[in-house]
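See below for the structure under consideration.
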There are 2 protein chains.
Amino acid sequence: MSDHVARVVRQWKSEYSEVDASPMYVLARMMRINMKINKDLSANFAKFGLATGDFDVLATLRRSGEPYALRPTELTKSSMLTSGTMTSRLDKLEKLGLVCRNPNPEDRRALMIHLTDKGRALVEEAAAKHFALEAEMLKVLDPQDREALEGILERWSHRLEEEGAM
Amino acid sequence: MSDHVARVVRQWKSEYSEVDASPMYVLARMMRINMKINKDLSANFAKFGLATGDFDVLATLRRSGEPYALRPTELTKSSMLTSGTMTSRLDKLEKLGLVCRNPNPEDRRALMIHLTDKGRALVEEAAAKHFALEAEMLKVLDPQDREALEGILERWSHRLEEEGAM
DNA sequence: GAGGAATTACTTGATATCAAGATACTTGAC
DNA sequence: GTCAAGTATCTTGATATCAAGTAATTCCTC
């Protein structure tokens, strides 16, 4: 039995024996699993009329607690995106009445993005489904694998953030 | 010490105690690490004038062995993308002289995408750097973590493919 | 064989993203 | 206080992607 990535590595080996393609066992599999996860998660968000990125903004506001307001820069940093991308997301969410832009009294360059009541209700409903779906997805892993994976990813993430890489 | 995802989970817990956000320890960390990896890998491809997806097509052709030719459908399946996306990638690669479209003698609906000599030379150069960079990236993991991760992702990937999910 | 179902590559229109730069504002060095 | 440097948001133009649909061809069932 072999998966897509195993076949790819085998092909490289037979074509190009001087190169070590083994990092792909980790990185290419991660990438493919991640693509699959993202597709499934975004199918759930679509039921609420949201793209993954829209949910991400609303969820970031919601979990920041009262008064459910952050600056665009904070949202941008949290999402690993560029400022232009965040601007267009906010345009869309504002048009849908899920957030509103207010002036920021502390810094006239900045804004405050407020979650509206409608936005809050929607994100809470979507988040409940989202967490349930994530839990479901992890059930294909054996409990000990899931636990080990949690530890490994935690260490990996820490080191990347320590290095300032993220 | 805590990373971005740990802070996010803590926020959810304090705002929304009835929900179990713990799957995010696995899924959100995977997503963020993956985003970081993709950014670094695509910076390497850019040195060769390629986007990640362009490299993916050229590499799939190269490792398929002589005569370095596949049908668009095979490339599409391998990449987890839609056929329209593959069409536009092939347009671009053809314009750059890295692949060429030839009629497929066995099926007049289909084509054969051939890697040109120029395409082959480029992908071999880019691939060498790519593999070196991937190996470098995995050095932040302890050897036992890397080994464990390889096993876990292999099992995960197998199960998803078994289910027909990928 | 004939005819309907499936497959193949492509087209179209919409959206998401980025890099680079513009504009307005704040901060800090002197 | 002044001004250069930095910061915050948005704009612009380019690209990548997708979903849905099209036309030509092949496959399958009878």
Side-chain angles (χ1 to χ4, degrees), chain A residues 31-32 34-36 38-47 49-58 69-96 99-114, chain B residues 31-32 34-36 38-47 49-58 60-61 69-96 99-114:
Chain A
M31 194 171 80
R32 289 178 68 86
N34 209 67
M35 280 178 81
K36 162 65 177 155
N38 283 337
K39 275 184 192 170
D40 290 353
L41 293 179
S42 75
N44 173 54
F45 296 134
K47 290 182 198 156
L50 298 172
T52 301
D54 302 329
F55 174 80
D56 195 42
V57 170
L58 299 179
L70 294 169
R71 299 169 13 162
T73 302
E74 293 174 296
L75 293 167
T76 301
K77 278 181 190 153
S78 165
S79 64
M80 299 177 82
L81 299 172
T82 61
S83 65
T85 300
M86 188 52 64
T87 298
S88 66
R89 276 194 193 173
L90 293 174
D91 287 347
K92 177 181 167 192
L93 292 171
E94 196 174 29
K95 217 171 280 174
L96 290 170
V99 305
C100 56
R101 286 173 163 108
N102 294 315
N104 185 328
E106 292 167 9
D107 185 340
R108 277 194 290 169
R109 289 171 307 183
L111 298 171
M112 286 303 276
I113 307 299
H114 280 260
Chain B
M31 193 171 82
R32 289 178 69 86
N34 207 66
M35 280 178 82
K36 161 66 177 154
N38 284 337
K39 275 183 192 170
D40 290 355
L41 293 179
S42 75
N44 174 53
F45 296 135
K47 290 182 197 156
L50 298 172
T52 300
D54 302 329
F55 175 80
D56 195 42
V57 170
L58 300 178
T60 303
L61 289 168
L70 294 168
R71 298 169 11 163
T73 301
E74 294 175 296
L75 292 167
T76 302
K77 278 181 190 152
S78 165
S79 65
M80 300 177 82
L81 298 173
T82 62
S83 65
T85 300
M86 188 53 63
T87 297
S88 65
R89 275 193 193 174
L90 293 174
D91 287 346
K92 176 182 168 191
L93 292 171
E94 196 174 29
K95 216 171 280 173
L96 291 170
V99 305
C100 56
R101 287 174 164 106
N102 294 315
N104 186 329
E106 290 168 11
D107 187 339
R108 278 193 291 169
R109 290 170 305 183
L111 297 171
M112 286 303 276
I113 306 299
H114 281 260

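These figures come from a predicted structure and were not determined experimentally. Just so it is clear: chains get the letters A, B, ... in the order the sequence lines come, proteins before strands, and each one is counted from 1.
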For this session: Between A/Gly53 and B/Lys77, name the one whose nearest nucleotide on DNA chain C is closer to the 5' end.
Result: B/Lys77
Exercise. Can you find an N or O donor on one side and an acceptor on the other, under 3.5 Å apart, linking the side chain of A/Arg109 with the base of C/dT26?
Worked result: no
For this session: With DNA chain D as reference, determine whether A/Gly84 or A/Lys39 sits nearer its 5' end, using the nearest nucleotide of each.
Result: A/Gly84
For this session: Give a yes/no on whether any side-chain N or O of B/Arg108 is located under 4.0 angstrom from OP1 or OP2 of D/dT26.
Result: yes
For this session: Take atom CG of B/Asp91 and atom P of C/dC10, then tell me their distance rounded to the nearest Å.
Result: 7 Å
Exercise. Of the nucleotides C/dC10, D/dC18, D/dA16, which has the atom closest to the B/Arg101 side chain?
Worked result: C/dC10
For this session: Give a yes or no on whether a salt bridge exists between B/Arg89 and B/Asp54, defined as a side-chain N under 4.0 angstrom from a carboxylate O.
Result: no
Exercise. Rounded to whole angstroms, how far apart are CG on A/Leu50 and C1' on C/dT15?
Worked result: 15 Å
For this session: Output yes when a side-chain donor or acceptor of B/Glu74 lies under 3.5 Å from a complementary backbone atom of B/Arg71, and no otherwise.
Result: yes
For this session: Nearest whole angstrom, please: distance from the C1' of C/dC25 to the CG of A/Asn104.
Result: 12 Å
For this session: Figure out the CD/P separation between A/Glu106 and C/dT26, and round it to whole Å.
Result: 12 Å
For this session: Between D/dC18, C/dC10, D/dA16, spot the one nearest the side chain of B/Thr82, thanks.
Result: D/dC18
Exercise. Under 3.5 Å, is there a donor-acceptor pair between the side chain of B/Thr85 and the main chain of B/Leu81?
Worked result: no
Exercise. Under 4.0 Å between a side-chain N or O of B/Lys92 and OP1 or OP2 of D/dA16?
Worked result: yes
For this session: Classify the nucleic acid contact of A/Ser88 as base, sugar-phosphate or nothing, counting any heavy atom under 4.0 Å across all strands shown.
Result: base
Exercise. Roughly how many Å is it from CG in A/Leu111 to P in C/dC25, rounded to a whole number?
Worked result: 12 Å
For this session: Test for a donor-acceptor pair under 3.5 Å between the base of C/dC18 and the side chain of A/Thr85, counting only N and O atoms.
Result: no
Exercise. Among D/dA16, C/dT17, C/dT8, which is the nearest nucleotide to the side chain of B/Ala110?
Worked result: C/dT8
Exercise. Are A/Arg89 and C/dT17 close enough that a side-chain N or O sits under 4.0 Å from OP1 or OP2?
Worked result: yes
For this session: Tell me which nucleotide among C/dT11, C/dC25, D/dC10 gets nearest to the side chain of B/Thr87.
Result: C/dT11
For this session: Determine, step by step, whether A/Ser78 and A/Thr76 satisfy the side chain to side chain contact (heavy atoms under 4.5 Å, CB included) criterion, reporting the C-alpha distance in whole Å, the side-chain angles of both residues, the deciding distance to 0.1 Å, and the verdict.
Result: CA-CA 5 Å; A/Ser78 165; A/Thr76 301; over 6 Å; no
Exercise. Which whole-number value in Å describes the distance from B/Asp107 CG to D/dT25 P?
Worked result: 10 Å
Exercise. Going by an N to O cut-off under 4.0 Å, is there a salt bridge joining A/Asp40 and A/Lys36?
Worked result: yes
Problem set entry | Atom pair distance, as rounded to whole Å: CE in B/Met86 and P in C/dT11 | 15 Å
For this session: Round to a whole Å and report the spacing from CG of A/Leu75 to C1' of D/dA8.
Result: 13 Å
